[in-house]
Chemist: 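Let me give you the structure first, and then I'll get to my questions.
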Amino acid sequence: MGRNFIHDIIDQDLAPDGRHHGLKIHTRFPPEPNGYLHIGHSKAIYIDFGTAEKYGGLCNLRMDDTNPSKECVSYVEAIKEDVRWLGYDWDDRFFYASDFFEETYRQAERLIKINLAYVCEQTADEMRENRGTLTSPGKPSPWRDRDPEESLDLFRRMRAGEFPDGAMTLRAKIDMSSGNMNLRDPVLYRIMRETHHRTGDDWLIYPMYDFSHPISDAMEGITHSLCSLEFVDHRPLYDWVISNCDLPGRPRQVEFARLGINYTVMSKRKLRILVEEEIVDGWDDPRLPTLCGMRRRGYTPEAILKFNERNGVSNVPSTVEFDFLEFCVREDLNERSQRVMAVLDPIKLTIENYPADKEENFTVENHPFNPEHGSHDITFSRDLWIERDDFMIEPARKYFRLYPGNLVRLRAAYVIRCTGYKLDDSGQVSEVTAEYLPESRGGVAPDGTKVRGTIHWVNQRDCLDAEIHLYDKLFTVPDPDAHDADYKDLINPDSITIISHAKLEPAIRTMDSPTGFQFMRLGYFKEDSKLSTAAEPVYNRVVTLKETYRPD
RNA sequence: UGGGAUGUAGCCAAGCGGUAAGGCACGGGACUUUGACUCCCGCAUGCGAAGGUUCAAAUCCUUCCAUCCCAGCCA
């Protein structure tokens with residue numbers, strides 16, 4: 001992890017006169033179990049775990065489960081799986097905010113007793129009206145100065161279930177005229193008859209985030225509570241809780257800018273709509289920025305971590321280009337994925353001077369610069385498949401693939417010369433014909449022959465059919481959030497293209513390449529964990545190769 | 001005169017009084033049995049703007065401008 005402003009703060013806190021002198025750095029990642037993690041969370045995970053790691057400290061995983069009406073167990077395991085997938089481990093330090101409900105309640109009673117909290121009987125509407133506006137102060141609740149004994153009695157009866165939902169709340173007594181809305185006597189506890197996924201029906205009152213969070217942090221021995229920028233306004237309240245409650249530590253909240261990426265959406269609400277309206281194929285659709293989607297698509301955790309590392313950490317709200325994520329993915333896959341040949345849009349290539357009954361083997365390296373990946377064999381015959389794009393009747397300028405009369409190398413096999421082509425009834429090229437240069441075995445160009453183009457191919461006689469999913473950006477505009485309504489109309493119609501009968505060299509089914517394969521000259525592809533079967537393989541395109549050829 | 005935060009290239013981002021790092025993107029070139037990879041070269045007389053302090057300012061001061069966050073019994 002590169003250095004960032006959080007390290008400056010920690011160093012000060014660790015100094016002899018600092019807030020955390022002599023302590024081990026301890027952070028936490030506190031997701032709310034109400035949805036799937038996405039790449040934005042990966043930044044928080046990277047910062048929370050990475051910062052602890054950098055300082056030889058610890059990072060806890062904590063489910064922030066203070067609102068049972070929105071949360072559900074089913075997300076807990078999915079979240080754990082995603083964090084683990086990114087390579088992080090919390091040992092036995094897995095917590096729930098609900099682990100501290102009893103302690104949180106105790107702190108609330110204490111605040112009442114020292115006259116810093118009171119039970120308020122305003123309705124939600126009344127409270128809103130009395131809160132004032134951004135430019136005018138709020139009015140104190142009529143219950144603000146009630147006797148602490150009375151508040152305590154009421155609060156205990158709230159817990160006991162004597163009042164209906166919404167009838168009253170526990171509020172902190174701070175400052176109704178503060179410019180910071182969070183300090184206008186914020187609600188600490190609300191009554192909510194909702195079965196909690198862990199505590200069941202034990203509780204009828206639940207603490208608010210602003211009260212629960214600092215207490216959980218302190219109880220877990222957190223030194224630095226790292227969160228995103230929208231909580232800057234909450235820090236005074238966080239500090240108020242820390243200094244007015246009787247807690248075993250003094251965690252410090254530090255905020256950083258969350259991650260934005262263009263051509264996609266990150267809010268849970270918008271992702272949910274895409275899933276529920278079946279615009280995409282579930283939360284793990286490979287086009288989604290969810291971690292499970294990216295995993296299914298074939299992104300590696302290493303690439304995602306590197307992406308976060310290079311983006312850095314700052315206080316400037318930012319939107320990173322999708323291009324940059326792809327760059328990181330390509331870089332990692334280039335290093336690790338084995339190479340194979342595949343033809344996505346096949347046309348026949350017939351080598352006219354190659355004997356019809358002959359077949360030979362060539363050995364090809366699995367990786368261009370990592371020899372430890374070994375090699376595999378491919379078969380060659382007179383009847384091959386090549387990419388439709390690799391032939392033109394009339395060559396464009398600077399096109400150096402196949403066209404009548406031109407010399408091209410079939411990778412690892414032979415140099416061939418295009419002799420002609422055939423058209424079908426609709427005028428489409430249906431077959432390309434060529435002759436091979438026998439002395440170019442292995443693809444070695446004969447002395448004095450210049451062969452600019454090398455194309456990929458597969459043998460018609462033993463290739464496999466596979467379904468290929470080609471993915472592109474989910475949206476057609478860089479900032480779908482800016483086009484508020486109708487953002488569903490901004491979905492890129494070409495965000496998925498399905499090719500049903502691509503041709504793959506058969507070795508792919510026996511090669512061991514955990515990060516998937518590079519289909520040479522096309523991109524990186526990973527078998528789809530959800531849809532692929534032995535009989536009908538499905539591969540997802542993770543990312544294309546960089547393409548610098550542009551016909552003019 | 002509500003509070004808070006932030007402005008360095010198309011996108012991220014270093015910089016903390018000594019004369020604008022790095023990455024992506026982009027442009028040019030070399031190499032190439034992947035038009036990939038790799039390797040060179042180029043890319044802010046300029047740091048939101050205007051004043052001021054100083055031998056010296058992106059860094060300090062003043063004023064202004066722009067953008068974002070906050071009025072849940074959500075997190």
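Numbers restart at 1 for each chain; the letters A, B, ... are given by sequence-line order, proteins then strands.
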Chemist: What distance, rounded to whole Å, do you find between the two P atoms, one in B:U59 and one in B:U54?
Modeler: 16 Å
Chemist: Sequence neighbours left out, what passes salt bridge (Lys or Arg N to Asp or Glu O under 4.0 Å) with A:R521? Give chain and number order.
Modeler: A:D390
Chemist: Reckon A:R521 has a side-chain N or O less than 4.0 Å from the OP1 or OP2 of B:G35?
Modeler: yes
Chemist: What nucleotide among B:C70, B:A71, B:C16 has an atom nearest to a side-chain atom of A:D8?
Modeler: B:C16
Chemist: Check for me whether A:R146 meets the cation-pi criterion with A:Y118, that is, NZ or CZ under 6.0 Å from the six-membered ring centre and within 45 degrees of the ring axis.
Modeler: no
Chemist: What nitrogen or oxygen pairs link the protein and nucleotides 6-10 of chain B at under 3.5 Å?
Modeler:
{"residue": "B:G10", "atom": "N2", "partner": "A:E321", "partner atom": "OE1", "Å": "3.1"}

Chemist: Check the phosphate of B:U32 against A:R409, side-chain N and O only, distance under 4.0 Å to OP1 or OP2. Yes or no?
Modeler: no
Chemist: NA contact type, A:Y206, heavy-atom cut-off 4.0 Å: base, sugar-phosphate, or nothing?
Modeler: nothing
Chemist: Is any side-chain N or O of A:R235 closer than 4.0 Å to OP1 or OP2 of B:C69?
Modeler: no
Chemist: Taking any heavy-atom pair under 4.0 Å as a contact, classify A:F400: base, sugar-phosphate, or nothing.
Modeler: base
Chemist: Can you list the residues that meet the salt bridge (Lys or Arg N to Asp or Glu O under 4.0 Å) rule with A:R336, with sequence neighbours excluded?
Modeler: A:E302, A:D332
Chemist: Closest approach to the side chain of A:E547, judged atom by atom: which nucleotide of B:G35, B:A75, B:A13 is it?
Modeler: B:G35
Chemist: For B:U59, which nucleotide in any strand shown is its Watson-Crick or wobble partner with both distances under 3.5 Å?
Modeler: none
Chemist: Is there a Watson-Crick or G-U wobble partner for B:G2 with both distances under 3.5 Å, and which nucleotide is it?
Modeler: B:C70
Chemist: Counting Watson-Crick and G-U wobble pairs only, both distances under 3.5 Å, name the nucleotide matched with B:C47, or none.
Modeler: none
Chemist: Considering heavy-atom distances to RNA chain B, does A:Q122 or A:L522 have its closest nucleotide positioned more toward the 5' end?
Modeler: A:L522
Chemist: Within 45 degrees of the ring normal and closer than 6.0 Å to the centroid, is that where the cationic atom of A:K526 sits relative to A:F517?
Modeler: no
Chemist: What nucleotide among B:A75, B:G35, B:G72 has an atom nearest to a side-chain atom of A:Y399?
Modeler: B:G35
Chemist: Across all strands shown, which nucleotide pairs with B:G15 by Watson-Crick or G-U wobble geometry, both distances under 3.5 Å?
Modeler: B:U8
Chemist: Check side chain to side chain donor-acceptor pair (under 3.5 Å) between A:E220 and all other residues, then give those that pass, not counting sequence neighbours.
Modeler: A:N60, A:R62
Chemist: Tell me, which pairs form a salt bridge (Lys or Arg N to Asp or Glu O under 4.0 Å) where one or both residues lie in residues 122-133 of chain A, sequence neighbours left out?
Modeler: A:D125-A:R128
Chemist: Which one, B:A75, B:U34, B:C74, comes nearest to the side chain of A:D64?
Modeler: B:A75
Chemist: Send over the distance from A:E335 CD to B:U34 C1', rounded to a whole Å.
Modeler: 16 Å
Chemist: Do the side chain of A:D233 and the base of B:G3 come within less than 3.5 angstrom through a donor-acceptor pair of N or O atoms?
Modeler: yes
Chemist: Report yes or no: do A:E505 and A:H376 form a side-chain donor-acceptor pair below 3.5 Å?
Modeler: yes
Chemist: Could you list the protein-to-nucleotides 37-40 of chain B atom pairs, N/O on both sides, closer than 3.5 Å?
Modeler:
{"residue": "B:C37", "atom": "O2'", "partner": "A:N334", "partner atom": "ND2", "Å": "3.2"}

Chemist: Does B:G42 have a Watson-Crick or wobble mate here (both distances under 3.5 Å), and if so which one?
Modeler: B:C26
Chemist: Counting heavy atoms from C-beta on, name the nucleotide in B:A75, B:G35, B:C24 closest to the side chain of A:N67.
Modeler: B:A75
Chemist: Assess A:R171 against A:Y189: is NZ or CZ under 6.0 Å from the centre of the six-membered ring, and within 45 degrees of the ring's axis?
Modeler: no
Chemist: By nearest heavy atom, map A:L134 and A:A124 onto RNA chain B; which one lands nearer the 5' end?
Modeler: A:L134
Chemist: Of the nucleotides B:G72, B:G35, B:G3, which one has an atom closest to the side chain of A:N180?
Modeler: B:G3
Chemist: For the side chain of A:L545, counting heavy atoms from C-beta on, which of B:G3, B:U34, B:U32 is nearest?
Modeler: B:U34
Chemist: Can you tell me how far P in B:C31 sits from the matching atom in B:U8, rounded to whole Å?
Modeler: 40 Å
Chemist: Where the side chain of A:M208 is concerned, which of B:C12, B:C74, B:U34 is the nearest nucleotide?
Modeler: B:C74
Chemist: Is the phosphate of B:A75 approached by A:R190 (side-chain N or O, under 4.0 Å from OP1 or OP2)?
Modeler: yes
Chemist: Base, sugar-phosphate or nothing for A:Y209? Non-hydrogen atoms, less than 4.0 Å.
Modeler: base
Chemist: Which one is paired to B:A75, where only Watson-Crick or G-U wobble pairs with both distances under 3.5 angstrom count?
Modeler: none
Chemist: Using the C1' atom on both, measure B:G10 against B:C26 and round to a whole Å.
Modeler: 9 Å
Chemist: With a cut-off of under 6.0 Å to the ring centre and 45° to the axis, is A:R159 in cation-pi contact with A:Y105?
Modeler: yes
